[in-house]
Structure formats: C-alpha cells, structure tokens
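Scroll down for the structure; my scribbles are underneath it.
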Amino acid sequence: MSLATRPRPQIDNWNRPFWDACNEQRLMLQRCTATGRCFFPPAPVSPFTGRPEWEWITASGRGELWSFVVFHQSYFPGMKDELPYPVVMVKLEEGPFLLTNLDGMEASQAEIGMRLAVRFPGGPEGITLPQFGSEAGVA
Amino acid sequence: MRDKVAFAGIGTTRYGNFPETDSYGLGCEALNAALDDAGLKPSDIDGLIVNRIPTYERFAEMMGINPQYCLLTEAPGRFSGVSLALAAQAIASGAAKTVALVYGNNGRSVRMNYGGGDSQWSPWGMTSPGAIHAMMWRRHMHEFGTSHADLGHVSLAFRDHACLNPDAVMHGRPITLEDHAGARPICEPLKLLDYCLINDGAVAWIMTSAERARDMKRPAVLLSGYARQDAFHYGSAPPDDFWHPTLSACRSVYDRAGIGREDIQGLGIYDNFSPTVLFSLEGLGFCKQGEGGDFVHDGMLRLGQGRWPTNTSGGHLSDSYMQGWGIIAECVRQLRDDCGARQIPNAQAMQYICATNIAQSLILRRDQ
C-alpha cells in the first residue's frame, strides 16, 4: 500500500492553509471567533454566524473513533492495492469530524470510542494526508 | 393544501438494461403510459417537471408540450418528493392546472457509478452514498445494539414482495436471511443485499387539482399531507444523528393530513440502502429510536403478516432504484386497488418516507 497513489485533494482558497499545515505535520482548523467553535471543511464564513469571523488554530490532533467502514469495492485506481481498506470517522477534540484512515493499525483492531491521534505518513507528491493511529503510539 | 391536489395518472416502464433507448425514450414511454392512464393528451399538460432527463426543452419538444410551468429538478432521489411538492404548489397557486412529472434514468446501460471522482474525502478513499450509510449503520449498531442481521428482515420482506410483483427486476428470485448475511461485502458493514438495484427505466405521474382529477378516467388519489425538514450542517461528513431530528419534524405530516399512523395501511420507504428503512421508521415514530431492528423482526413490513406492509413493489432493493418515483407510484396503485397479488387489503391511506438530508414524508389517500 502506498499513500503516493491516493487521489489528490481539491485545493481551493479556503482549504489551502489546511494542506500547507499538513505538509508541516500540523493539523489546523478554523475557529469561529464569535462562538469559539471549530469547523471543517474550511469555508469563507463561520457556519455558526454566517460571518467571515474566524481564525486558524492548530488542533490537538486527538479525537475519538466515531464510526468506521471497510471498502471492498474499487472506486479509485490508485487505491486498488489497498483493498479492502478502512475509512474511519474521527470526532476531533475540537468538535469537527474528519474522515480519514488508520495508520499502524488494522481495521480489525478498530473499535468505536477508542482514542486516536493524527500522524502524517505521506501522500501524493506535494501533499501530506493526515492519518490516525492509536494515541499511545504517538511519540 | 390538504386533499386539494391529486394524482390523475401513473405510468412506469419496464426496468432493466435497455441500451437501445435512453432517458428521453424511457421518459416518453412512461409519460405516454401516464397520459393513457389519465385519459389525457400531451396538449392537456400545462406544467412539466423532468428529473434525470438531460433537458426539459428537448423533452417538451419531443412530446409536443408547450407548458406555462416547466423545470428540471436535481438528480438525487430526495428530489422525487421535492418535485411532487413543487407540482402541488404550482397547481394550488394556479401556476399550472395539470402537471406531468417525468423521471427517466438509463444508469445501468451507461454504467453509471455512484462513487469515485473528486470530492472532499476522496484522498482518504471515502466515496459513494453506500459508504455514508454504512458509516451511519455502524454507529447505529454501536449506540443501540442493532445488528446487520436486523437489516436482513428488511431485504427479505422487500424481496418477498418483488416475488409477488411480475414487473419487479428480482421477481422469481427469492432470498433467505442466510443469503443476506452471506452476501459479498461492498462497504462493510453493508453487503450486496443492502444495496439498491441500478437499472434503466422511467416513471411518470400526472398531478392536477382534486376537482379535475375526479373527472378523469381513474379514481383520484389525493395528496393529503406533505412535510419536509432539511439539515445541511453535517460538515460534509455522514450525519451523526441518523437524520432523526429532521425525520421527527416530519411527523407534522399527520396533522397536515388530518389522519394518524393508525389510519395508514401501508408504507413506501426510500430504501436506497436497507438502514434507511430503520432510520425512517424510528424518525416518523413507528417505533422508538434504536428499536428499529426489533420492529422489523417477525415480518412487520411484510404483506399478509405485518401491520404496515412496506414497499410492496419490492422497493429499491428488489424492484428497482427509481429514486423514490417508483415507490410513490406504487403507493398510488395501492390506493386504486391495482396491485393484484401484492394488493394491501382495503388500502385507504399510504405514507411515503424519505430519510435524507432533505427529510420528507407524505400521505396519500383514496378519494372518498
């Protein structure tokens, strides 16, 4: 399996800082300055006020495994070798959900409610994809 | 709006693999069947809504319709109910008198893929409506102790109905609970028999005022109530609440129709994937949240056995995925006693439920 052949993200004006930060091994989120609540995916305005009142913060990178699935069907040529592969839904400590994959862990080890932490093991050229593994395994 | 608008005609094509035609050809065939059913001509149509047909101009040109109200609605299946409501509003406001709604889809012959391509989550391999429902269902099992085996009772009941429906794609192909459990995994926890069937086909409805419908060929079927609540706050991720709050809001359909759950003889539930049937039953209050699994055991949804026979045509799982259009057509047919071996005895009112980010429910009633 290789993250190098993964589909590339669609980078736009709002999520570019997120992807730039991933390349520096940091997970960033937008935080609404009026409510203090974080949101994802990146957007021009806060969904809590509808106003362009937000700031970038570095997230803790920790969260809880909310749910997960295992793909057996091939949808992306660059991921064929990974089949069957898990996608996990992680509820970050800051509130938003991320859909991501497991790093250093098999789908059979996944359990809802388990604590996970972000890692940045690689991605397609010029991109670093956040992946999640056991919290204990993070240096 | 209660009982002001009615279905005057219904038309459906065969469902299958028809590379010799396309969504226009299928749509024309379904509309002609609906016009014949209502006893109308194309020139009687002054409103036109098309769905999954590329353009309304070309379709109207083909059928020789020059309406005073016309639009193309969005592709997702939640727009069957939305289109219905738009037509009802147009009729009630006088914007149109008689609206033809035409759905045509050739997804099977063009090998339409529901998944892949670029999206928010594609770098992580997350794609397809089935995966979204699989994610929700895994969480539902965790929160409420439901199981994949519960879904087998949904798939089995609808397959049994398809076996009573000579037009269903899966007619003559019965399944067992073991078949459901042992099917090929597509996106776990969901397996093949939890997924709907992609086919070519078309469905047309003709809607008009209840008054005008009473003068037409077939018994009018009244739109007694419609309720809708949208929710778009899920951050592009699968919903973390099974759409329960918005489906619960749709319980207002009973007040709008002026009848209760006890007055309903059967259901049409948008079953793109088997879990939505449980989300729908829980959301509309047929059982408590989390008890959907127990509720569907022992044939609750099955004709001749359960209190609310559901998707008597076979639904999306075993008739064909006609994105709600076919399920609503089946509700109309039940209320006209057109269903032969799969007829619900004394069907007076039918309820349709759609668990999506545009949660909807509607109640159709026989004209008294």
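Note: hydrogens, waters and symmetry copies are ignored here, and every other heavy atom, side chains too, is used. In the text below, chain A, chain B and the rest are named by the order of the sequence lines, each starting its count at 1.
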For this session: Count the heavy-atom pairs under 4.5 Å between each of A:V70, A:V88, A:L98 and chain B, then report the option with the highest count.
Result: A:V70

Exercise. Is the backbone N or O of A:S67 less than 3.5 Å from a side-chain atom of B:R139, with the two atoms forming a donor-acceptor pair by type?
Worked result: no

Seminar exercise, completed: Max heavy-atom pairs within cutoff under 4.5 Å with chain B, candidates A:W66, A:F97, A:F40, goes to A:W66

Problem set entry | From A:I112 atom CD1 to B:E143 atom CD, the distance as rounded to the nearest 0.5 Å | 8.5 Å

Exercise. Where on B:F232 is there a heavy atom nearer than 4.5 Å to chain A: the side chain, the backbone, both, or neither?
Worked result: neither

Exercise. Do B:I186 and A:Q73 come close enough that some side-chain heavy atom pair is under 4.5 Å?
Worked result: yes

Problem set entry | Heavy-atom closest contact (A:M79 atom, B:S122 atom, distance) | SD-O, 4.5 Å

Problem set entry | Per-residue contact mode, B:D240 against chain A (heavy atom under 4.5 angstrom) | both

Problem set entry | Side-chain touch B:M135/A:L99, heavy atoms, less than 4.5 angstrom | yes

For this session: Decide yes or no on side chain to side chain contact (heavy atoms under 4.5 Å, CB included) for B:H142 and A:E111, but give the supporting numbers first.
Result: CA-CA 10 Å; B:H142 171 80; A:E111 276 178 40; over 6 Å; no

Exercise. How about B:E188 and A:F71: do any of their side-chain heavy atoms sit closer than 4.5 Å?
Worked result: no

Exercise. How about A:R26: does its CZ atom have over 12 heavy atoms from other parts shown lying under 6.0 Å from it?
Worked result: yes

Exercise. For A:P47, is it the side chain, the backbone, both, or neither that has a heavy atom closer than 4.5 Å to a heavy atom of chain B?
Worked result: neither

Exercise. Do the numbers put A:R6 on top of the ring of B:W124, so that NZ or CZ is under 6.0 Å from the six-membered ring centre and no more than 45° off the axis?
Worked result: no

Exercise. In terms of heavy-atom contacts, does CZ of B:R251 have more than 12 from other residues, nucleotides or ligands at under 6.0 Å?
Worked result: yes

Exercise. Between A:Y85 (side chain) and B:G125 (backbone), is there a donor-acceptor pair under 3.5 Å?
Worked result: yes

Problem set entry | Residue selection (most heavy-atom pairs with chain A, distance under 4.5 Å) from B:P189, B:S236, B:P185 | B:P185

Exercise. Considering only heavy atoms from C-beta outward, does the side chain of B:H233 approach that of A:F39 to under 4.5 Å?
Worked result: no

For this session: Identify the two heavy atoms, one from B:R138 and one from A:F68, that lie closest to each other, and give their separation to 0.1 Å.
Result: NE-O, 2.8 Å

For this session: Return yes when atom CZ of A:R51 has more than 12 non-hydrogen atoms of other residues, nucleotides or ligands closer than 6.0 Å, and no otherwise.
Result: no

Exercise. Are the side chains of B:W121 and A:V87 in touch, meaning some heavy atoms are under 4.5 Å apart?
Worked result: no

For this session: Report yes if some heavy atom in the side chain of A:H72 is under 4.5 Å from a heavy atom in the side chain of B:R184; otherwise report no.
Result: no

Exercise. Of the backbone (N, CA, C, O) and the side chain (C-beta and beyond), which part of A:P130 lies under 4.5 Å from a heavy atom of chain B, both, or neither?
Worked result: both

